[in-house]
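Working notes, structure below.
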Amino acid sequence: MEAATAAEVAPGPTLKVKEVSPADAEELQTSPRQGAGSPIPQLLSPIEENPKIWLPRALRQTYIRKVGDIVNLLIPFQGKPKPRATWTHNGCALDASRVSVRNGERDSILFIREAQRADSGRYQLSVQLGGLEATATIDILVIERPGPPQSIKLVDAWGSNATLEWTPPRDTGNAALLGYTVQKADTKSGLWFTVLEHYHRTSCTVSDLIVGNSYAFRVFAENQCGLSETAPVTADLAHVQKAATVYKNKGFAQRDFSEAPKFTQPLADCTTVTGYDTQLFCCVRASPKPKIIWLKNKMDIQGDPKYRALTNLGICSLEIRKPGPFDGGIYTCKAVNSLGEASVDCRVDVKAPH
């Protein structure tokens, strides 16, 4: 018997041989229908196949369902004649109002129409045949979305950053938390944008906030079922203010641009034809603005209607109107200011037309 028992033990389910007392052995050998006065005992059918449970591979680890899901577990077993299959939940009998069981010839079905978190726990299937018993254990975990974090607080706001702190949720939904999701919304648009996902700490710093906006923040908790249905929102807004710009005037030495007259472009000698207007040009630089004097053969010609003198932005010009043979000679442009004077000369020749 011991060799047969060891050969039938499978990984997961177990097979045990129950101890039978002499009184139980006598009772097993006698038919239940045998009366006290019957002289001939009736023996039970011999065990042709030891009990054994074939636990599906998917049920050898924790079986996770969401609240409201259907739980429908079919567990095959063997044993001949038909063994007796019983279920327990955490070592106690099943709640018939929530869990139903159907036992067939070769399998047992555990059915829960709408799973609740109270249905979580360790379920054990026991298959008994005579003094032999095979057992299998299934761990069921029913989970739901977590509750929201208990509170969230704006700790500090500076520049374009804000620091937040929050406390974990009281209810994790019967599952481990996978982290938190942090969102922000500016008061102008009111739209929420995610800034952090699967974040595991209970404090963070949100950066890159836009100057001039005010922001609110909220935090969701997350587990295997998803995000919490609600999220606490910060009571205070983070105001991102534009930093005041302070302009500092740098001291500098006042530069003196005063200078004596200096011709940057001299007069050029020219030859003209009698009766054709002629112009002379030169350029001068000086500060303060110089006084321009035109001379012909060292004689001042200012006020002579035959000549028109102009000065604009340092460019000096002299127009000789319809020059005649006596208008030739040496022309001089003189610039004078309080710092000095300078002059340039040129020769003008007037020829008769051919």
Side-chain angles (χ1 to χ4, degrees), residues 57-73 98 112-121 139-250:
R57 185 178 298 275
L59 299 179
R60 296 179 187 178
Q61 56 188 0
T62 302
Y63 183 65
I64 301 177
R65 304 298 291 170
K66 296 180 180 179
V67 170
D69 286 354
I70 294 175
V71 177
N72 188 16
L73 305 180
R98 294 205 43 76
I112 304 175
R113 184 174 299 277
E114 291 184 2
Q116 300 297 325
R117 287 170 59 172
D119 297 322
S120 301
D139 291 321
I140 297 179
L141 181 63
V142 181
I143 63 177
E144 62 182 340
R145 291 187 178 188
Q150 297 182 54
S151 63
I152 181 174
K153 179 174 64 174
L154 175 65
V155 178
D156 191 15
W158 76 100
S160 59
N161 310 289
T163 300
L164 309 174
E165 286 184 356
W166 60 90
T167 53
R170 294 178 181 176
D171 182 11
T172 63
N174 209 24
L177 290 181
L178 299 180
Y180 300 93
T181 295
V182 182
Q183 295 183 341
K184 68 177 180 180
D186 64 87
T187 54
K188 294 180 181 178
S189 67
L191 301 177
W192 290 98
F193 297 93
T194 299
V195 294
L196 291 173
E197 289 183 299
H198 312 302
Y199 188 77
H200 295 282
R201 300 174 62 184
T202 56
S203 64
C204 72
T205 298
V206 180
S207 303
D208 300 328
L209 301 178
I210 299 176
V211 173
N213 286 353
S214 298
Y215 289 88
F217 302 91
R218 66 182 182 183
V219 177
F220 292 88
E222 182 180 10
N223 67 4
Q224 191 173 344
C225 280
L227 299 177
S228 56
E229 294 183 358
T230 59
V233 181
T234 52
D236 300 325
L237 296 177
H239 303 286
V240 184
Q241 298 178 351
K242 185 176 182 180
T245 303
V246 178
Y247 295 97
K248 295 182 179 180
N249 292 327
K250 296 182 179 180

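Numbers for residues simply follow the sequence, beginning at 1.
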Would you confirm whether S228, through its side chain, and T230, through its main-chain N or O, come within 3.5 Å as a donor-acceptor pair?
yes
So K66 and E144, salt bridge (Lys or Arg N to Asp or Glu O under 4.0 Å) or not? Walk me through it.
CA-CA 6 Å; K66 296 180 180 179; E144 62 182 340; over 6 Å; no
Between L177 and P169, is there a side-chain heavy-atom distance shorter than 4.5 Å?
yes
Using a 4.5 Å cut-off on heavy atoms from C-beta on, say whether the side chain of P168 contacts that of Y180.
yes
Relative to each other, are the rings of Y199 and W166 parallel, tilted or perpendicular (30° and 60° limits)?
tilted
For the pair R98 (side chain) and E114 (backbone), establish whether a donor and an acceptor sit closer than 3.5 Å, ignoring hydrogens and angles.
yes
Would you say CD of Q150 has more than 12 non-hydrogen atoms from neighbouring residues, nucleotides or ligands within 6.0 angstrom?
yes
Sidechain-backbone polar pair: N223 side chain, R145 backbone, donor-acceptor under 3.5 Å
no
With the side chain counted from C-beta on, respond yes when Y215 and V240 share a heavy-atom pair under 4.5 Å apart, and no when they do not.
yes
With no hydrogens and no angle check, just 3.5 Å: does a side-chain donor-acceptor pair link S207 and N161?
yes
Checking side-chain polar atoms at under 3.5 Å, does T181 have a donor or acceptor matched by the opposite partner on E197?
no
Under 3.5 Å, is there a donor-acceptor pair between the side chain of T234 and the main chain of F217?
yes
Heavy-atom check, side chain of P149 versus side chain of T167, under 4.5 Å:
no
Going by heavy atoms in the side chains, are I143 and I64 under 4.5 Å from each other?
yes
Does T202 offer a backbone N or O that forms a donor-acceptor pair with the side chain of E165 under 3.5 Å?
no
Please determine whether side chain to side chain contact (heavy atoms under 4.5 Å, CB included) holds for the pair L164 and V182, giving the CA-CA distance in whole Å, both sets of side-chain angles, and the decisive distance to 0.1 Å.
CA-CA 10 Å; L164 309 174; V182 182; 4.0 Å; yes
Would you say N72 has more than 12 foreign heavy atoms packed within less than 6.0 Å of its CG?
yes
Expected output: side-chain S120 to main-chain V142 donor-acceptor under 3.5 Å:
yes
